[in-house]
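So the structure is just underneath, and the comments pick up after that.
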Number of protein chains: 4
Amino acid sequence: MPRISEEHRERRRQQILDAAQICFSRKGFHETSLQEIFAESGLSAGAVYRYFKSKDELVRAIAERSQPVVVAVLEDFLTRDVMPPLDEIVERFADAVVERMGVGGPVTVAPQGWALATYHQAVRDCVASLYLNTRSCWVRVAERLKDDGRLPAGSDPFAVGVLLTAALPGFILQRLLFGDVAPATLSSAIRSLVGAEAAIAHA
Amino acid sequence: MPRISEEHRERRRQQILDAAQICFSRKGFHETSLQEIFAESGLSAGAVYRYFKSKDELVRAIAERSQPVVVAVLEDFLTRDVMPPLDEIVERFADAVVERMGVGGPVTVAPQGWALATYHQAVRDCVASLYLNTRSCWVRVAERLKDDGRLPAGSDPFAVGVLLTAALPGFILQRLLFGDVAPATLSSAIRSLVGAEAAIAHA
Amino acid sequence: MPRISEEHRERRRQQILDAAQICFSRKGFHETSLQEIFAESGLSAGAVYRYFKSKDELVRAIAERSQPVVVAVLEDFLTRDVMPPLDEIVERFADAVVERMGVGGPVTVAPQGWALATYHQAVRDCVASLYLNTRSCWVRVAERLKDDGRLPAGSDPFAVGVLLTAALPGFILQRLLFGDVAPATLSSAIRSLVGAEAAIAHA
Amino acid sequence: MPRISEEHRERRRQQILDAAQICFSRKGFHETSLQEIFAESGLSAGAVYRYFKSKDELVRAIAERSQPVVVAVLEDFLTRDVMPPLDEIVERFADAVVERMGVGGPVTVAPQGWALATYHQAVRDCVASLYLNTRSCWVRVAERLKDDGRLPAGSDPFAVGVLLTAALPGFILQRLLFGDVAPATLSSAIRSLVGAEAAIAHA
DNA sequence: TATGAATGAGGCTTCATTCAT
DNA sequence: CATGAATGAAGCCTCATTCAT
């Protein structure tokens, strides 16, 4: 008995989250009223309140799941004996992000999550830890590449991790606003920079 | 023969925008009530409404001015006969961004602007054009470097522009959430990547 | 499967309209705040808004129902084989009006409805059609009387209809402002005019 | 010196009243803001407040002057040795009313004045006395006609006065709402009724 | 005396949340 | 358990009025 109803609960929860996501991506967290979510989900107020005890909780749940959790891709690469080239890693990483964007996919509302994170403590904690996590994966990737002699001896893995992490929000934003960037664009950029020794100052 | 001078008007406008910015960065566009802005600005409702005809207009004004308009830095570099090294350009660019962040500086609310841009047409138009502008500057920078033989012959200036533009939001976000990144971090990352030919796949 | 019955809905609607009418007749459409109507009706803001989506809609509903819909009386007379004398028709008609005035009856706010009709398109449409309807009944009454030889051969049924329709607002107004006129006053006036051939110009 | 400024004052007053009338006839007393009147009159807030100490005072002034003060016509007839026929009196009376309606003439807002009179004591006093005055003139007209044997011996001058007074608001309303009635329509109605002995019950 | 910027009370309306059915 | 009618606090905004210049 518990099994069935547990599944049922989970299905309901998803139904609500999906409806909320659609609404939020259309009008934003705050311009969306719960009434609209009730309508979109086909559930009553009471039903929704059985699963989320306030609008804030629902917003938080969406804000959290909107963040592209793609560390798995990086972690996977890190477990291998031989790391693939950086441009390939970047492309795979971006592929995973794009996969979660789709039309109305969770990542569509990621920018709203970032915004909320700048002033809402609980969301900040969650978003910060996700990005910190992603960043530390990138840093480890850079360390591995450096150890393998594939990044210059004097290179700064932390800085590389920061840059690659930094590119994520901007990549999402350019995709949402312009739609003219793809994973291949990022990997192409990596290839263009690498081997461009002449472009930098020699300390 | 205006009763009050143009400067007076402009000062009032700024007074309101400054108050709004403080409030918005503390609690977000939507959780901030106009009452709070009236209180923070020391003005009455009517006074504020003389300058902005709705909350939305105020929000839009802040969302727009929150976007770091730092193309000037890039344009300046582009007019020179000899371009500085890329890492230096990146660092100067980031310097300009950081300068506008400060504590409660306009850029503090930039993420809220991005979020709004994803579903608010007018804000989208404005934000999109700003980033497009920034991106096209970066693309021109990459073209110049390529022309000068400082980026590999086969490099892709557009992709480089996308990547450097992409790094901006993530740089801002990491600064707001973690505070542990600085302009020097980005330039260091550039130096680490460049000259790392071994890191990429050879087509 | 409505949660509440249709009768319940209708009762609530009337409850609100009745409260609004009382308030409006005391202080006018515009000087009455919705708070006063909430208080008078014993309902909350939200409850009232479930039935009327704006104050304007409520005002319109009252403006419309304030107009004395008394054509039924005339239509009844028109279906008979033999029309009663004009003075009797007038008196019955006025009786029906008076019946709807009472103290705080709907017709009490009729003048506010006329006023609104002069500049509010939707109200104008409604009020105009009601009076046009009333007038066309009066015109038909006059035609019947003329056909029966009870109005002079050269008489003008349209003009008679206009006059009798015209008398309605002024009758209501005199009753509201002075209270010294009654249906019998009107029928007496009709009897006084009729048979007064000497009073007119002979073309 | 006082003469000039007295004239000036009066001109200013009229300028304000004219502007107010235009605004009020377009949007009603309460939907019109003073700002609109300032704009329409070309005067500043302070200037208007020098002539009317509140909006209510301005509204009252317009409500009062909107009432067709046409007793003069009746009084003139009453001073003559020989009264003209009733249909002619009615037509002259209606002519005077129509003259004051025009497009945007004072009478255009008369219905708003009636409405206000139903719940605003000061306006009621003023409007009531005007109509009472008009009515008593009509009653005297009826008495004169009766004395001259031009109304039946048993006729009721008060009732006739009530009816003719009653026709005034309805005439104005039909003109404002339909525009298809004219002074001649009323006189035609009078001619149609008079001499229609057969139309009434014989007591 | 004239101006019009500024005030701020109060109006209309929304919407997260509750709870009787 | 589910429903959705009802609540009422709180938000945005208007506008009659004042008063420093």
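Numbered from 1 within each chain, the chains take letters A, B, ... in sequence-line order. What you see below is based on every heavy atom in this structure, not just the backbone, and it leaves out hydrogens, waters and symmetry mates. This structure is a prediction, so every number in the text was calculated from the model and none was measured.
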A:Asp18/A:Arg65 ion pair, N-O < 4.0 Å
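Yes, this pair counts.
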A:Arg26 bridged to A:Glu36 by N-O distance under 4.0 Å:
no
Does the [X] side chain pair with the main chain of [Y], one donor and one acceptor, at a distance under 3.5 Å?
X	Y	result
C:Glu64	C:Ala61	no
A:Gln15	A:Ser41	yes
C:Thr108	C:Ser25	no

Ignoring hydrogens and geometry beyond distance, is a side-chain donor-acceptor pair present between A:Tyr119 and B:Glu31 at under 3.5 Å?
yes
Axis bend over the full length of the helix from E:dA2-F:dT21 to E:dT21-F:dA2, computed from five pairs that close each end, to 10 degrees:
0°
Just call it for B:Tyr51: base, sugar-phosphate, or nothing, with non-hydrogen atoms closer than 4.0 Å on any strand.
sugar-phosphate
Please work out if B:Arg9 contacts a base, only the sugar-phosphate, or nothing of the nucleic acid, heavy-atom cut-off 4.0 Å.
nothing
Which pairs, with at least one residue in residues 16-48 of chain C and sequence neighbours excluded, count as a ring pair (Phe, Tyr, Trp, His ring centres under 6.0 Å)?
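Checked against ring pair (Phe, Tyr, Trp, His ring centres under 6.0 Å) - neighbours excluded - the pairs reaching residues 16-48 of chain C are C:Phe24-C:Phe29, C:His30-D:His30.
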For DNA chain F, the residues among residues 54-61 of chain C that have a non-hydrogen atom under 4.0 Å from it:
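Result for residues 54-61 of chain C: none.
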For DNA chain F, the residues among residues 23-50 of chain C that have a non-hydrogen atom under 4.0 Å from it:
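C:Ser44, C:Ala45, C:Gly46, C:Ala47, C:Arg50 - these, ordered by number, are the residues of the stretch whose heavy atoms sit under 4.0 Å from the strand.
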Can you tell me the distance, in whole Å, between the NE2 atom of A:His8 and the C1' atom of F:dA2?
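Those two atoms, NE2 and C1', are 11 Å apart.
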Nucleotide E:dT17, atom P - distance to CZ of A:Phe52 in whole Å:
13 Å
Hey, does D:Trp114 have a side-chain heavy atom less than 4.5 Å from the side chain of C:Leu176?
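No, their side chains stay 4.5 Å or more apart.
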Side chains of D:Glu10 and D:Arg13 in contact at under 4.5 Å (non-hydrogen atoms):
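Contact flag for D:Glu10/D:Arg13 side chains = yes.
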Only counting residues at least two apart or in another chain, list the ones meeting salt bridge (charged side-chain N to carboxylate O under 4.0 Å, His left out) with A:Arg12.
none
The complete set of side-chain hydrogen bond (donor to acceptor under 3.5 Å, both in side chains) pairs with one or both residues in residues 42-53 of chain A, sequence neighbours excluded, reads A:Lys53-A:Glu57
Does E:dA5 have OP1 or OP2 sitting under 4.0 Å from an N or O in the side chain of B:Arg12?
no
